[in-house]
Each structure stands twice: as C-alpha cells, then as structure tokens.
Amino acid sequence: MKLVKKQIDKLRKKILKYDYFYHSLDQPIISDAEYDYLLNQLYNLELKNKEFITSDSPTQRVGSNLIEKFKKIVHFSPMLSLENTFDIDGFLEFENRIKKFFDKNQSINFCCELKFDGIAVSLIYEKGILVRAATRGDGYIGENITNNIQTIKSVPLELKGLSIPKRLEVRGEVFMLKSDFLSLNKEFYISKKKCFSNPRNAAAGSLRQINSKITAKRKLIFICHGCGLFEGMEHFKSHYKRLIQLSKWGLPVNQEMLICSNHVEIFNFYKKIQEQRHFFNFDVDGIVVKIDSIELQKKIGSNNKFPRWAIAFKFTSREEITRLRDVKFQVGRTGVITPVAYFDPICISGVIIRKASLYNKNSIEKLNLCINDFILIRRSGDVIPKVVSVIKKKSLENQKKVIFPVFCPVCNSKLMENKEDKIIRCHAGLTCNAQKKKALHHFFSKNALNISGLGPKIIDKLIEKKIVTNPIDFFYLTKFHLQKLEKIKEKKSLNIINAILKIKKTSLKRLIFALGIPLVGEVIAKKIAISFKTLDKIVNAKLLELESINGIGKVVANSIFNYFSIVSNRELINNLSKKIDFFESREHDVKNKFFFNKRIVLTGKFISFSRSELSEILIESGAQLSNSVSKNTDLLIYGKKTGDRKIFKATELKIKMMSELEFNLLIK
Ligand code: IVH
C-alpha cells in the first residue's frame, strides 16, 4: 500500500510542476498527450485507492493559472472543464450514462460545436455594456483581465439589438490565428526574443500582459461558446438558440454548429471537422457535444470538474499542413541514405516540428514530392512525425522536383541501389566520415560497449581532430588526448579513461552488437553469441552454419557472412580481441553449470563489472536474480561497500556467499 501512496505522490508532484509551466508560465514542457497520460494514470490509481484522494490532488481541480499580477474575481458559477474522449467507445459510454436521465422514447438533441484550442474567458455585460472580463483561473477564482479583453476587436464593448438582459455572462475562447502566430514568432525570432511554442500559448501570453497596449498589438480573437448567466431570458430553453441570440446582439459565434439527434450524425460531424480543420486558420482539437436542452442540462448536473451533459470528442492523431522547404540526404551508420524533409515549423500536440524522415527513394516517388509543396504532417502515435501526403491543390508556385542524389553527400562516392530491398547505400564504409562517426557512436553506445562519459559529441570531436579513426584507437587514448578537447579537464578525462579500462571485460553478445553488422540487432547478436560461444568460431562460420541458427534467415546470414569476409573487418576483430577480454555466452554451457537455476542476490559495488553486466552474465548462465535475501536464496554475491542488511540476513539464514574475486576466478 505504501508503494501506491508513493506512486500517487510522485505523479501529483510531476503534474503540479507541468501545471505550473503550462498555466502560470505559458511554457509547456511536455506534450498534451503525455500530460493527459499522466493525469489518467493518477486518476486510475486514485480510483483504486480512494483513501488516498485529497482535495488538492490535480484530479480534483480544474487546471489553475493564478499568478500574483492580476486582481482576483470570484465567478458567479464555477467555470468547469470538459470530460475528454478520443474514441467512439468513449463517446458511446457518455451517451449511455446520460440516457439514464431521460425516458426511453424521448428524443434528445445534441449541439455539436468546434473545440477551439484557446483560453477560456468569462465576459460580464450589464445593461449591454462590458463591465468585467476574467480568466478561468482555478474554475472558481479567476483573474480580472478587463483592460486586456477590451483591446480585442471581436469583443463588443456594447451589445446591440433588442431585449438585452440586465446581466449576461458570456463564456468563450480567446485564441490567435495560425498566420498571426507565425508572424509574431518571426518577429520575436528576428529580435532574439523567446518564441511561443504554439498559438494557444501565444494567446495566453498575450492575454495576460500587465500592459494592455501589448495585448492590443497581438491580434487576438474571441468566440462565444456558452452563457454563465442569462438573466431575464430564461425562456430561451435551447443552448443553440441562446448562441444564435448572442450573435444577434453582436457577439461572435462560430457558424460551424450542428444540431444532431443521434450518434451517427455526431460521428459524421466529427469526421467532417477532422478533415476540414487543416484548412481553418485556427487550432481546433476536437468537437464539443452538448445536450441542447437547458432544462435537461440542469437535470443531469455536474461534478466538481465537468458538466455531465457535455463531452469533448478530441482528435487523436494530430496533423498539420506546412510547406516543404528542403530535402537533405543523411548517411546512416551502415551507409543507408535516408531523405529528410525540412519544412516551415509547425506545432503538433505542443511540440514544434521542423523535419521528418522520408525513409527511402520509394516514398519520395510515391508522394511525388516537390520543394515548396504544401504537405500534411502527422505525429504517428503522437510521437514520430511523418509526411502523410502532398496537398496538391495548394501547391502551385516555385515547385522543384526532389531528386535522389547519385553520389554520397558526405564522401562523394558513387551510391548504389540494392535491387532487392531498393535501399540506396554509400559503400565507402569507415572511409566515409558520416559512417565513421555513426559507427563509433554505436560501438560505444549503452547497449554495445557502453563507455560512460563518452558521448557522440566527444567522439565527433576526437574524429575531427584526427585523434581516433577506428574503435581500436580508443584503447590507446590518454588523458592528454582528451584534454585537447574543449571543456574536458583532468577529472572528466580520467573518468573516461577509467570507463575505457572497465570495458576491457565485456560479453561476446555486446561485442557482436557493437560491430554494427547490417541487420544484426541485439537479439540476433545474442543468438549468434549463444550458438557459437567463441569469437573465433563466429568469424569463421560458414554460411550454412549461420543459416541453421533458429531465427536467422538467409538475408541476415548473408549479411553476417559478408561482414566477416571483408579483410579490414577481420583485422579489426583481431586487434580488438587483443584489447578486450570477452566473457563468452554461458547459456547451455556444460563447463559452467555453477549458476544454473540458482536464485542469486547481488549486493555492494562491483569493480570488474557494472551491475547490469554482472546480471547479464548470471542470467545467461541460467541464474534467477532477485532483489532481497530470503530463505529461498541460494547465493549472495557481494562487492565492495555493501550495506550490512543483506549480508546480515544471509548470515542469519546460513546462505552461501561469494566475493567478487571468487566470482571472477570461477568464470575465468
Ligand atoms: S463548453 C462547462 N464549448 O475547452 C463547459 N468549451 O477542455 C464549458 N472550449 O474550458 C465549456 N471550445 O475553454 C465549450 N465549443 C466549446 C469549446 C470549449 C473550446 C474549451 C473551454 C473549456 C475547455 C475544456
């Protein structure tokens, strides 16, 4: 139970931090999707452990943005948020929940609207005059931003027309057009000011300025989506009709509204808006579905966060249209040439995106891509950006066909296409500087020969200064070499040298993976290490032997065989084996059955291996590792600086113990 409480506290702390950056500083540091994910996790944990719910938990509040610079006001009625769904099932659940409130045969109207991605505000009109404007704040207390709202041209300072109520509270959204956001950021960029990450943040930052003259310059827009108070006009019993009346009084109401009477009509509206939204000059992140009858809304009511009569049906995969400006060709570790599209920056799910991989020549041809085309970008799974299509009807001017190069953009050697997989490669290997850098990054990366402190930047500088050209050179590095690089002083250089000394003992699997043989990832590397057991056998393996390994097909076997047929690769391995001491794969090894099936606990700091390397050796030898000593433990392996607890318990339970030195002797 304690663990759950810890998890809940940790999540709350994280979410509160993100809330502060988002609401108070207008500088989100994670995407909306990641934020929703964390909040959902917390919500589910609290649901299962209700005793830990506290009134200050982020799940119990409407996101707050109160800061000290504005006067506070109390809302006449809470400004609630909206429940979200991202799929049809979520919407149908909402429909089922609310059905309980009506008679079986009662027909219900839903008012479907756009969900504007802006800042919620409340405007109070008394006798038709705008007297107060406020932000949502924490839903109960907001900030008085009347001066700033008065500068927005679409907000009428005085209502016109007949039967204007004595007091009217209009609620709606303030936002910035995409085109104005881009111009503002361009201006900021030129004057070296920090740019806004998306139109929503630009609107929030502009609205909450102490100096309303700055707000006035920012071209903000206001749209109404509801009423808080409608005094004296209670005979308007439909939300839709109320909005139409607001527009008659001169308040801005978006025309894309639809009354639907069933979910098929609602889904059609959702699909239509999903397709059209790229052509809107403002961000729309879904639709809002509201029960139209004000009477029914009151009957169904709200909880302390959401009204139960409305739901935001959000768009899942976020897409944007932008303009392609360039295509560059990157050279990968194994020489594969990958085209990368560079476009005008766009913001999807709170993240600014400027480039996306185009994968291969085929995809350029399929898209029929030209520089200056308008292209549709999607973040697949809301993470990796992808060029989905070219919007041909928008792309008319200055188009230039994207042509795949014939020579390597880094070393200028002739590129060659593999007729089978259609992949285009530079075959210059380590003589191509791009491949050399990437191969060495890979060689010393975390899951390969992991040298802590030796990241890609240092490797690149060592290559540029011609201190290293291949993996062997790293074993001859001294602290003096490293100190030739900027920002590397005595301590850091010694740490790197020590880390290099440490990897002189590593597993065969890691070495095979580090070599970067095309098509050989960690899984295949492990299979090879287990099957052949020694480096010598792997290097001299026949094609048929490689093919006979379970899980290795003809193509991969060929790739491995070809790699070891190249003289320079064999030389590299020969030199490496003089420098590195491999402990070979022990799984199924009859000679070393000592650890097989034993339940082992590790304690203390180890000198010859990192914890993960030691665990790897033991697991490969068939041992089972656990974190704490119990009567079921077979062996405790201890290093230096052990805490007394595990040793004490093992002594008490008379469990066999082994020092690091003994372990080393055993595996020699
Ligand atoms: S109705 C009590 N309608 O979305 C219901 N809200 O994520 C109040 N929003 O706080 C909101 N477009 O600021 C409504 N057509 C729309 C909207 C809309 C955008 C905002 C609003 C709300 C937020 C919830």
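Whatever order the structure lists them in is the order used to number ligands and atoms, beginning at 1. Starting from 1, each residue takes its place in the sequence as its number.
- Atom 7 (O) of ligand 1 has its closest protein heavy atom at K115 NZ, 3.2 Å.
- At the shortest separation from atom 8 (C) of ligand 1 among protein heavy atoms lies L80 O, 4.1 Å.
- Considering only non-hydrogen protein atoms, atom 2 (C) of ligand 1 sits nearest to P307 CG, 3.4 Å.
- Side-chain contact of S238 with D292: a donor-acceptor pair under 3.5 Å is present, judged by distance alone.
- Among pairs with a residue in residues 162-176, those fulfilling salt bridge (charged side-chain N to carboxylate O under 4.0 Å, His left out) read E126-R167, E169-R171, at least two apart in sequence or across chains.
- Using a 4.5 Å heavy-atom cutoff, the side chains of I221 and F282 are not in contact.
- Side-chain contact between H278 and I391 is absent, with no heavy atoms from C-beta onward closer than 4.5 Å.
- Any N or O atom pair closer than 3.5 Å counts here, and L82 shares no such pair with ligand 1.
- Judged by distance alone, the side chain of H239 and the main-chain N or O of G226 form no donor-acceptor pair under 3.5 Å.
- The shell of residues lying under 4.0 angstrom from ligand 1, judged by heavy atoms, excludes G226.
- Shortest contact from atom 12 (N) of ligand 1 to any protein heavy atom: F116 N, 3.1 Å.
- Residue A120 approaches ligand 1 through these ligand atoms, each under 4.0 Å from one of its heavy atoms: 13 (O).
- The option from E256, R171, E113 that lies nearest to atom 15 (N) of ligand 1, judged by heavy atoms, is E113.
- In the candidate list H225, K314, H239, H225 is nearest to atom 11 (C) of ligand 1, counting heavy atoms.
- When all heavy atoms of R132 and H75 are compared, the closest pair comes out as NH2-CA, 4.5 Å.
- For atom 22 (C) of ligand 1, the closest non-hydrogen atom on the protein side is R136 NH1, 4.2 Å.
- Of all protein heavy atoms, the one closest to atom 21 (C) of ligand 1 is E173 OE1, 3.3 Å.
- The protein non-hydrogen atom at the shortest distance from atom 3 (N) of ligand 1 is K290 NZ, 2.9 Å.
- Without hydrogens or angle criteria, D103 side chain to Q106 main chain gives no donor-acceptor distance under 3.5 Å.
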